[in-house]
*Asks:* 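Starting off with a structure, shown below.
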2 protein chains.
Amino acid sequence: MARVSKEESPCPLSILVGVLSGPWTLYIVWVLSTNGATRFGELKRRVEGISTKMLTERLRLLEQEALIYRHYEPTVPPQVTYGLTDRGKELVGILNQLNDLAQRWYGQPDVAQVGCTFVDTVETAATDAIR
Amino acid sequence: MARVSKEESPCPLSILVGVLSGPWTLYIVWVLSTNGATRFGELKRRVEGISTKMLTERLRLLEQEALIYRHYEPTVPPQVTYGLTDRGKELVGILNQLNDLAQRWYGQPDVAQVGCTFVDTVETAATDAIR
DNA sequence: CGGAATCCGTATAGATACTG
DNA sequence: CAGTATCTATACGGATTCCG
């Protein structure tokens, strides 16, 4: 089994959790949810430590699942922006519920929202999002 | 990063999703939620295809996170029973919400509850649980 | 029965270099 | 800027064997 793929696991929940469970995925989704639509480069900077390869892989997957959209602007240099779709936002809603549970169980009650301690990289710059 | 561990990821949600994202984990939790407390051997049979190693690993982790309990009965032969804790049940509640989303997005609207298509192995025998 | 220990192959994430 | 391509190592899961 290893990782759940769409083909071999016909269970919808497994598909969804399989997507979320990918490395960095939650981190990325959280950045997009707090920061708004974000360009590739900035995303890479905010998701600290991620490799280019991983980032593109995860973005492609999230896009396939229609949780994020990809907007390509053919300027020079080109600008590519990623943001949450309605699906993505709906998902984040439930993730926040999960987060509430997690907060109660694992502590750190003063840190709010999905991103948690990832915040320290971002918090002050959270307003310079593209939209 | 690879897989999220409790030490390196101080984010509660990441911890929780990290646990759920482990292979077979969701499957196991679902069996316990529909089947009630279950012995190791039966668990291994119901979670079709899992290896002994994986099963024990996942059970240990879920136990550490207090999502399941382990009950050891020192008979001969010994009986070990696993079941959802209150935490676990609370979690399943939210998982069912996630499942509703997943059902809407990925179809299969006639299959209910967390387990989905895993059901075909179990459905008829869902009543012979230990409690 | 319910595991623990060991060995082993592969999938996968990271690093690096290159491109439209 | 926003990726793609390739190469590599290591960690992870499966199979097998053995034990209290």
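Nothing here was measured: the structure is a model prediction, and the numbers come from that model. Convention: sequence-line order gives letters A, B, ...; per-chain numbering from 1. Note that these values count all heavy atoms, side chains included, but never hydrogens, waters or copies made by symmetry.
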*Asks:* Hey, does the side chain of A:R39 come within less than 4.0 Å of D:dC1's phosphate (OP1/OP2), counting only N and O?
*Replies:*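 For A:R39, the contact criterion (side-chain N or O under 4.0 Å from OP1 or OP2 of D:dC1) is not met.
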*Asks:* Tell me, which pairs form a salt bridge (Lys or Arg N to Asp or Glu O under 4.0 Å) where one or both residues lie in residues 13-22 of chain A, sequence neighbours left out?
*Replies:* none
*Asks:* My understanding is that only residues two or more places apart in sequence, or in another chain, count here; which of them pass side-chain hydrogen bond (donor to acceptor under 3.5 Å, both in side chains) with A:Q97?
*Replies:* B:Q97
*Asks:* Separation of B:L61 atom CG from D:dG13 atom P, in whole Å?
*Replies:*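 One finds 11 Å between P of D:dG13 and CG of B:L61, rounded.
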*Asks:* Any side-chain N or O of A:W24 under 4.0 Å from OP1/OP2 of C:dT12?
*Replies:* no
*Asks:* Quick one: is D:dG3 close enough that its OP1 or OP2 comes under 4.0 Å of any side-chain N or O from A:Y82?
*Replies:* yes
*Asks:* Rounded to whole angstrom units, what separation is found between the CD atom of B:E73 and the P atom of C:dG2?
*Replies:* 12 Å
*Asks:* Could you list, one pair per line, each protein nitrogen or oxygen that sits under 3.5 Å from a nitrogen or oxygen of nucleotides 15-20 of chain C, together with the distance?
*Replies:*
none

*Asks:* For A:T56, give me all partners under side chain to side chain contact (heavy atoms under 4.5 Å, CB included), at least two apart in sequence or on another chain.
*Replies:* A:F40
*Asks:* The helix from C:dC1-D:dG20 to C:dG20-D:dC1: angle between its terminal axes, five pairs each, to 10°?
*Replies:* 50°
*Asks:* Listing request: all salt bridge (Lys or Arg N to Asp or Glu O under 4.0 Å) pairs with a residue in residues 28-37 of chain B, at least two apart in sequence or in separate chains.
*Replies:* none
*Asks:* A:T85 side chain to A:A66 main-chain N or O, any donor-acceptor pair under 3.5 Å?
*Replies:*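 Between the backbone of A:A66 and the side chain of A:T85 there is a qualifying donor-acceptor contact (under 3.5 Å).
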*Asks:* With sequence neighbours excluded, give me every salt bridge (Lys or Arg N to Asp or Glu O under 4.0 Å) pair touching residues 93-107 of chain A.
*Replies:* A:R104-B:E90
*Asks:* Looking only at heavy atoms, which two atoms of B:A37 and B:T81 are closest? And how far apart?
*Replies:*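 Of all heavy-atom pairs spanning B:A37 and B:T81, the closest is CB-CG2, 3.7 Å.
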*Asks:* To the side chain of B:E57, which of C:dC1, D:dG13, C:dA13 is closest?
*Replies:* D:dG13
*Asks:* What is the distance from CZ of A:R45 to P of D:dG3, rounded to the nearest Å?
*Replies:* 14 Å
*Asks:* Rounded to the Å, how far apart are B:K44 NZ and C:dG2 C1'?
*Replies:* 11 Å
*Asks:* When you check the phosphate oxygens OP1 and OP2 of D:dG20, does a side-chain N or O of B:Y72 lie under 4.0 Å from one of them?
*Replies:* no
*Asks:* Rounded to the nearest 0.5 Å, how far apart are CZ of A:R45 and OG1 of A:T38?
*Replies:* 10.5 Å
*Asks:* Look at the side-chain N and O atoms of A:R58 and state whether any lies under 4.0 Å from the OP1 or OP2 oxygen of C:dT12.
*Replies:*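 No, because none of the side-chain N or O atoms of A:R58 sits under 4.0 Å from OP1 or OP2 of C:dT12.
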*Asks:* How many whole angstroms separate atom NE2 of B:H71 from atom C1' of C:dC1?
*Replies:*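 Computing the B:H71:NE2 to C:dC1:C1' distance gives 15 Å.
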*Asks:* Could I get the full list of side chain to side chain contact (heavy atoms under 4.5 Å, CB included) partners for A:R60, not counting sequence neighbours?
*Replies:* A:E63, A:R70, A:Y82
*Asks:* Given atom CE of B:M54 and atom P of D:dA11, what is their separation to the nearest angstrom?
*Replies:*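 Answer to the nearest Å: 15 Å.
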*Asks:* Using a cut-off of strictly less than 4.0 Å, decide whether B:R70 has a side-chain nitrogen or oxygen near OP1 or OP2 of C:dG3.
*Replies:*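 Checking C:dG3 against B:R70, a side-chain N or O does come within under 4.0 Å of OP1 or OP2.
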*Asks:* Closest approach to the side chain of A:R60, judged atom by atom: which nucleotide of D:dG3, D:dC1, C:dG3 is it?
*Replies:*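 The closest nucleotide is D:dG3.
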*Asks:* Would you check if B:W24 and B:V47 make a side-chain contact, meaning some heavy-atom pair closer than 4.5 Å?
*Replies:*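 With C-beta onward as the side chain, the pair touches.
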*Asks:* What is the distance, rounded to the nearest whole Å, between atom CD of A:Q79 and atom P of D:dG3?
*Replies:* 12 Å
*Asks:* Could you tell me how far apart B:L55 (CG) and C:dG2 (C1') are, to the nearest whole angstrom?
*Replies:* 10 Å
